[in-house]
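A short write-up of the structure that comes next.
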Amino acid sequence: MSKVAIVFWSGTGNTEAMAELVAEGVQSAGGEASLIQAVEFSPDELDAYDAFAFGCPAMGSEELESEEFEPMWDAVEPELSGRKVALFGSYDWADGEWMDLWRERTEAAGITVAETVIAKNYPDDEASDACRALGASLV
Ligand SMILES: Cc1cc2nc3c(=O)[nH]c(=O)nc-3n(C[C@H](O)[C@H](O)[C@H](O)COP(=O)(O)O)c2cc1C
């Protein structure tokens, strides 16, 4: 069975809701989903999974969350090449630029980003479906 790690940071619950929807998608496609807080994840766990969905909202000024998510990401990113990776997260007042920057940075590091999903605040029906589809695509 395909094991998918859904590694996320969420301050007010919107990205967490997306993570749960991604997990639904994984399970509906017959995979096994693990929901993991960013602080609890490290590179030595990478080999335990077949695919990864990383979730972080737009923070700072179109940036990743700097206290917990970004340190984890900096540690993990150099070891993601060749693995199945998707990105997701919530935003509010801008237009999703943080996700464009995150995807560009990830691809510049030689990692293929299979898919990205963004949601304005709490995921609406369309974003919820996109999260489930992202999860299913990783199985
Ligand atoms: C400190 C801080 C910085 C933020 N920076 C941005 C930003 O640069 N662009 C944006 O569109 N939204 C920004 N937001 C809004 C959050 O991305 C939005 O509220 C999101 O839904 C939070 O997701 P969460 O519930 O998973 O924490 C910011 C929010 C906070 C608290």
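Sequential numbering from 1 along the given sequence is applied to the chain's residues. Numbering of ligands and ligand atoms starts at 1, following listing order.
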Hey, is Arg132 close enough to Asp129 for a salt bridge, meaning N to O under 4.0 Å? yes
Hydrophobic cluster membership, with links at side-chain heavy-atom distances under 4.5 Å among I/L/V/M/F/W/Y: are Met18 and Met59 in one? no
Tell me the residues surrounding ligand 1, counting only those with a heavy atom closer than 4.0 angstrom, sorted by chain and number. Ser10, Gly11, Thr12, Gly13, Asn14, Thr15, Pro57, Ala58, Met59, Gly60, Ser61, Glu62, Ser90, Tyr91, Asp92, Trp93, Ala94, Asn121
How far does CZ of Phe54 sit from CD1 of Ile36, to the nearest 0.5 angstrom? 8.5 Å
Could you check whether atom CG of Asp125 has more than 12 heavy atoms from other residues, nucleotides or ligands sitting under 6.0 Å from it? no
Could you list the residues that satisfy salt bridge (Lys or Arg N to Asp or Glu O under 4.0 Å) with Arg83, not counting sequence neighbours? Asp47
What distance do Lys120 atom NZ and Glu126 atom CD have between them, rounded to the nearest 0.5 Å? 14.0 Å
